[in-house]
Amino acid sequence: MTVAAEANPAEHYAAYLGAIRSGDRRRAFQIIDEARDAGLDLAAIYLGVFQPALREIGSLWQNNELTVAEEHLATAITQAAMARAYERAFTWRTDGSRKLIAACADVERHEVGLRMLCDLLDLEGWHTTYLGAAVPIDSLVAMVRRLRPDVVALSAALSPHLPRLRAMIAAIRDALGDTRPLIMVGGRPFLDDPSLAERLGADLTAQNATDAVRLLGERVSRAR
Ligand code: B12
């Protein structure tokens with residue numbers, strides 16, 4: 001995950017924000033294509049362009065400068081732009097040995113951050129199973145039992161959803177025991193208070209997708 005010396009996400013961020021704010025999908029795609037051509041890798045585009053742009057969209061919505069429809073459009077364009085950027089970065093290379101299942105709390109609809117984590121881990125050779133928003137606890141546990149991942153990554157963006165995350169963690173531990181899988185949590189509530197992860201019964205957390213990729217690389221080794 002290196003960024004070419006001359007490539008600077010900030011130069012592309014303002015243009016991208018303008019494009020999604022005005023709902024211009026083609027322009028958004030063009031800016032991301034240009035960012036790739038300028039040497040930005042996927043991590044730099046995700047964390048240096050998409051993440052701050054979506055956060056700014058949230059502030060604009062909160063200040064009544066954008067309607068809910070306009071926010072939905074900006075998010076939908078970003079999900080499409082992520083798929084496009086990911087496609088360009090994709091390689092078939094995989095070690096196939098490190099497995100992760102990712103799910104949002106069962107009432108949680110914010111899924112973009114967790115998807116970023118999965119996309120970046122895929123590029124590092126992990127086998128990821130991304131389930132997205134609002135995953136029912138019982139069906140998650142059944143899948144974890146079946147696939148036996150090294151890591152389960154859980155996401156919550158809103159504090160009122162934390163009790164559901166705690167219930168998910170407890171259900172996985174009950175079904176599989178204390179030692180495996182490693183349970184990693186993240187999302188907005190953990191940005192202010194990383195110690196929250198341990199209090200909920202998780203093993204680890206990270207502030208963003210690239211920190212999470214690095215931490216998991218250190219904690220989970222490839223099978224030989
Ligand atoms: C898009 C969006 C939505 C979309 C989500 C669509 C989708 N498919 O994901 C929709 C319209 C559904 C939505 C709904 C709501 N939203 Co909203 N939403 C946003 C917005 C604008 C962007 C979210 C986003 O994608 N951010 C970009 C990602 C990349 O950042 P991230 O989520 O923080 O993820 C990074 C890290 O947190 C971390 N991370 C995340 N998950 C994980 C997991 C692990 C394991 C690890 C290690 C790390 C990790 O890594 C990620 C990548 O680096 C935010 C604004 C914001 N500041 O984020 C508001 C925001 C989160 N929403 C907000 C609110 C209030 C709501 C609603 C309650 C609104 C309502 N009244 O209905 C509902 C709640 C719905 C629900 N039940 O979940 C508020 C929350 C305020 C608060 N005090 O908590 C925000 C902050 C907007 C605001 N400024 O007021 N929302």
Side-chain angles (χ1 to χ4, degrees), residues 9-36 40-90 101-123 128-136 140 153-162 164-165 185-192 206-213:
E11 288 169 14
H12 305 276
Y13 159 73
Y16 183 77
L17 177 62
I20 60 171
R21 209 186 149 162
S22 59
D24 189 339
R25 178 168 153 131
R26 281 176 181 270
R27 177 78 189 121
F29 284 3
Q30 193 181 24
I31 291 157
I32 295 309
D33 285 359
E34 286 166 5
R36 293 281 307 166
L40 286 192
D41 69 9
L42 196 69
I45 292 174
Y46 277 14
L47 268 78
V49 181
F50 295 146
Q51 178 171 290
L54 282 176
R55 289 182 177 169
E56 181 58 19
I57 290 292
S59 302
L60 291 167
W61 166 75
Q62 193 177 21
N63 296 333
N64 290 322
E65 291 176 55
L66 279 186
T67 65
V68 172
E70 287 166 334
E71 171 277 307
H72 280 25
L73 178 56
T75 306
I77 291 172
T78 300
Q79 287 175 308
M82 280 173 68
R84 183 176 173 85
Y86 177 75
E87 182 64 30
R88 280 191 69 180
F90 178 79
I101 295 182
C104 293
D106 58 355
V107 282
E108 180 60 65
R109 291 175 59 198
H110 299 90
E111 62 190 342
V112 174
L114 189 64
R115 176 164 164 200
M116 285 185 178
L117 170 59
C118 288
D119 285 357
L120 297 181
L121 280 174
D122 267 0
L123 295 188
T128 67
T129 302
Y130 167 71
L131 306 179
V135 181
L140 173 67
L154 303 173
S155 185
L158 303 185
S159 301
H161 298 169
L162 292 175
R164 305 306 302 158
L165 212 59
V185 290
R188 282 175 49 84
F190 302 93
L191 304 183
D192 296 334
Q207 298 276 300
N208 58 50
T210 46
D211 284 358
V213 169

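When reading the values below, keep in mind they use all heavy atoms of this one structure, side chains included, and skip hydrogens, waters and symmetry mates.
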What are the two closest non-hydrogen atoms of [X] and [Y], and how far apart are they?
X: L191; Y: Q207; answer: CD2-O, 3.2 Å
X: I20; Y: A28; answer: CG2-CB, 4.3 Å
X: A209; Y: L47; answer: CB-CD1, 4.0 Å
X: D106; Y: P136; answer: CB-CA, 4.1 Å
X: A157; Y: R188; answer: O-CB, 3.4 Å
X: D211; Y: N208; answer: N-OD1, 2.8 Å

Practice item. Could you note down all residue pairs passing side chain to side chain donor-acceptor pair (under 3.5 Å) where residues 49-58 supplies at least one of them, sequence neighbours left out? Key: none

Study note, to complete from the structure: The single option from H110, E111, H161, R164 that satisfies side-chain contact (heavy atoms from CB on, under 4.5 Å) with C104 is E111

Looking at [atom1] of [X] and [atom2] of [Y], how far apart are the two atoms once the value is rounded to the nearest 0.5 Å?
X: R109; Y: L158; atom1: CZ; atom2: CG; value: 10.5 Å
X: L42; Y: M116; atom1: CG; atom2: CE; value: 9.0 Å
X: I57; Y: E65; atom1: CD1; atom2: CD; value: 10.5 Å
X: L114; Y: L131; atom1: CG; atom2: CG; value: 8.5 Å
X: L120; Y: Y86; atom1: CG; atom2: OH; value: 9.5 Å
X: E11; Y: L40; atom1: CD; atom2: CG; value: 8.5 Å

Any side-chain heavy atom of [X] sitting closer than 4.5 Å to one from [Y]?
X: I45; Y: H12; result: no
X: Q79; Y: R115; result: yes
X: I101; Y: L140; result: yes
X: R88; Y: I32; result: no

Review point. Counting only heavy atoms not in R25, do more than 12 sit closer than 6.0 Å to its CZ atom?
Key: no

Under 3.5 Å, is there a donor on one side chain and an acceptor on the other for [X] and [Y]?
X: S22; Y: D24; result: no
X: T78; Y: Y16; result: yes
X: Y130; Y: D122; result: no

Check your understanding: Looking at residues at least two apart in the chain, or sitting in another chain, which of them share a side chain to side chain contact (heavy atoms under 4.5 Å, CB included) with A212?
Key -> L117, M184, A206

